[in-house]
Amino acid sequence: MLNNKTIVVGVTGGIAAYKACDVVSKLKKLGANIHVIMTKSAKEFVSPMTFQTLSNNFVIDDMFEEPKTWEVEHIELAKAADLFLVVPATANFIGKIANGIADDMLTTTVMARTSQLVIAPAMNTNMYNNPIVQDNIAKLEAYGCEFINPASGLLACGDVGAGKLEDTEKIVEYVENYFDNMAVDDNKKDLEGLNILVTAGPTIESIDPVRYLTNRSSGKMGYSIAQRASKRGANVILVSGKTNIEKPKELYKYIEIESADDLYREILAEFSECDVVIQSAAVADYKPKSYSDRKIKKSDGDLVIELSRNKDIAQELGKIKDGKVLVGFAAETNDILENASRKIKKKNLDFIVANDLTKQGAGFSSDTNIVKIIGADGDVCEYPKLLKTEVADVILDRVSKILSQKK
Ligand code: PMT
């Protein structure tokens, strides 16, 4: 149910606008308080009266008409929204928002909101596939907006391909899942007294005083886990590679490392006191065979750098597990389930969190992740795109359950 949730629904001008009526009706029946904002062109497709009747609220469309309340309407609505859903979203709307243009009631309210923006595009397939539209979508995703991707099929214009508004059922399901996942009790202290070690960020393997090998990890996933675990009462030791993001507050201990060898050494020093180890750091599998303490001079030909294998830290910890809960991550680009399942066994993990690095909004650097969690007995739970803090809570819920089963 969506009781007490205020959802602002933006409707832009496309033939799929009539389907937004169904979305509004379904959300209303689930108990949400709905406010509809229509663009001028949306009104060419559906009458505001339809949305007014379905939502039981005035429809807002004109920035300059007599206000219905004394407040500045777009600011008040922006503040009131628990979620902002734009359905259907045209290429024009996406382009405006991606470029900071706020020239009507809908775009100004979107700009003024602080709640999550979810956009369900619908347009001609060539428009949707146009690199300009795709760039705008990628830009908005990088700002944390979520997209409900359009389905493929026969479009109103007669073309066949991607661009059809996703099923209204699925859009409503997406909204329900969003609020389910948000239903985190901030006062929950279920991890009180537990010592949890979290690894985060990239490792750096130096070649000479100037160059090194590293990877694209920003640390956001691990820092989110550390932050949520601290909030839920755990004593958190965060062992982190170098990052540019702010350190979570309320940590028990913070240790910065550079190389995979440093990481291994620091984990081992803390390991005996830990109840749980969550390994989200992106650890280099190889390091230069030898380190040159002078800058390697360039010559005319190619340069070959020989690499030697780093220790697989997770695998080593798996050998000395001694009743601790060990959680690994799997950063994959293909054969996700097979590869992740193999890693669980090899590293003696309780479960593994697999992220598909080829998906937009998953893996490195983004504020969101799309994960599958695979248990030691092979059970698989799939999650939609969630904020990394929400993924952190999903992981910690599972840790908490395993620990309570051990009691
Ligand atoms: O930091 P962000 O930008 O937020 O990105 C998050 C992330 C993509 C880095 C994170 O979600 C993630 O997937 N981390 C694991 C990256 C990784 O090293 O995956 P892997 O499949 O190569 O390794 C599997 C597991 O073994 C991992 O838990 C890893 O920490 C561990 N490992 C790997 C190599 C090694 N030599 N020693 C290890 O312990």
Side-chain angles (χ1 to χ4, degrees), residues 142 144 197-205 213-228 238-248 257-268 271 276-287 307-321 325-374 383 385-392 394-395 399:
L197 187 146
V198 180
T199 72
T203 54
I204 286 179
E205 306 296 337
L213 302 173
T214 189
N215 60 63
R216 297 178 195 280
S217 173
S218 65
K220 286 182 185 174
M221 189 64 250
Y223 279 41
S224 298
I225 299 169
Q227 179 209 322
R228 289 302 308 158
L238 176 59
V239 189
S240 170
K242 286 189 193 311
T243 70
N244 292 320
I245 58 175
E246 208 179 315
K247 225 173 13 179
I257 54 97
E258 235 180 60
S259 65
D261 285 341
D262 295 344
L263 181 63
Y264 187 40
R265 189 188 60 244
E266 296 299 341
I267 299 179
L268 281 186
F271 193 66
V276 180
V277 180
I278 304 177
Q279 304 167 73
S280 70
V283 186
D285 288 316
Y286 295 92
K287 63 181 170 203
L307 301 177
S308 64
R309 193 73 172 82
N310 269 331
K311 267 211 159 40
D312 188 320
I313 302 170
Q315 193 177 341
E316 295 303 315
L317 299 182
K319 291 180 193 161
I320 50 167
K321 185 169 181 173
V325 176
L326 298 181
V327 180
F329 269 72
E332 304 293 344
T333 53
N334 53 283
D335 305 323
I336 315 276
L337 287 181
E338 297 86 312
N339 291 339
S341 306
R342 203 170 17 82
K343 287 177 186 174
I344 298 186
K345 292 204 177 65
K346 196 169 154 206
K347 304 180 188 222
N348 196 13
L349 301 168
D350 288 81
F351 65 92
I352 197 158
V353 184
N355 32 208
D356 180 348
L357 302 183
T358 63
K359 285 196 180 147
Q360 276 204 342
F364 294 121
S365 294
S366 60
D367 290 335
T368 55
N369 207 351
I370 307 168
V371 302
K372 289 186 173 75
I373 294 190
I374 303 142
Y383 296 87
K385 191 194 294 178
L386 298 174
L387 290 170
K388 281 185 173 164
T389 46
E390 293 164 354
V391 173
V394 168
I395 294 168
V399 165

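Just so you know, residue 1 is the first one in the sequence shown, and it goes up from there. In this text, all values refer to a predicted model and were calculated from it rather than measured experimentally. Order of listing sets the numbers, starting from 1, for every ligand and every atom in it.
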Verdict with supporting geometry, K321 and D350, salt bridge (Lys or Arg N to Asp or Glu O under 4.0 Å): CA-CA 10 Å; K321 185 169 181 173; D350 288 81; 2.9 Å; yes
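Between I204 and K242, the shortest heavy-atom distance links the atoms CD1-CD, 4.4 Å.
Under a 4.0 Å N-O distance rule, the pair K343/D312 does not qualify as a salt bridge. Salt bridge present: D261 and K287 bring a charged side-chain N and a carboxylate O closer than 4.0 Å.
A heavy-atom distance below 4.5 Å is found between the side chains of T199 and L263.
S240 and Y223 are linked by a side-chain donor-acceptor pair at a separation below 3.5 angstrom, with hydrogens and angles left out of the test.
Sorted by chain and number, the heavy-atom contacts of ligand 1 below 4.0 Å come from S217, S218, G219, K220, M221, Q279, S280, A281, A282, V283, A284, D285, K311, D312, I313, A314, G328, F329, A330, A331, K343, K347, N355, G363, F364, S365, N369, K388.
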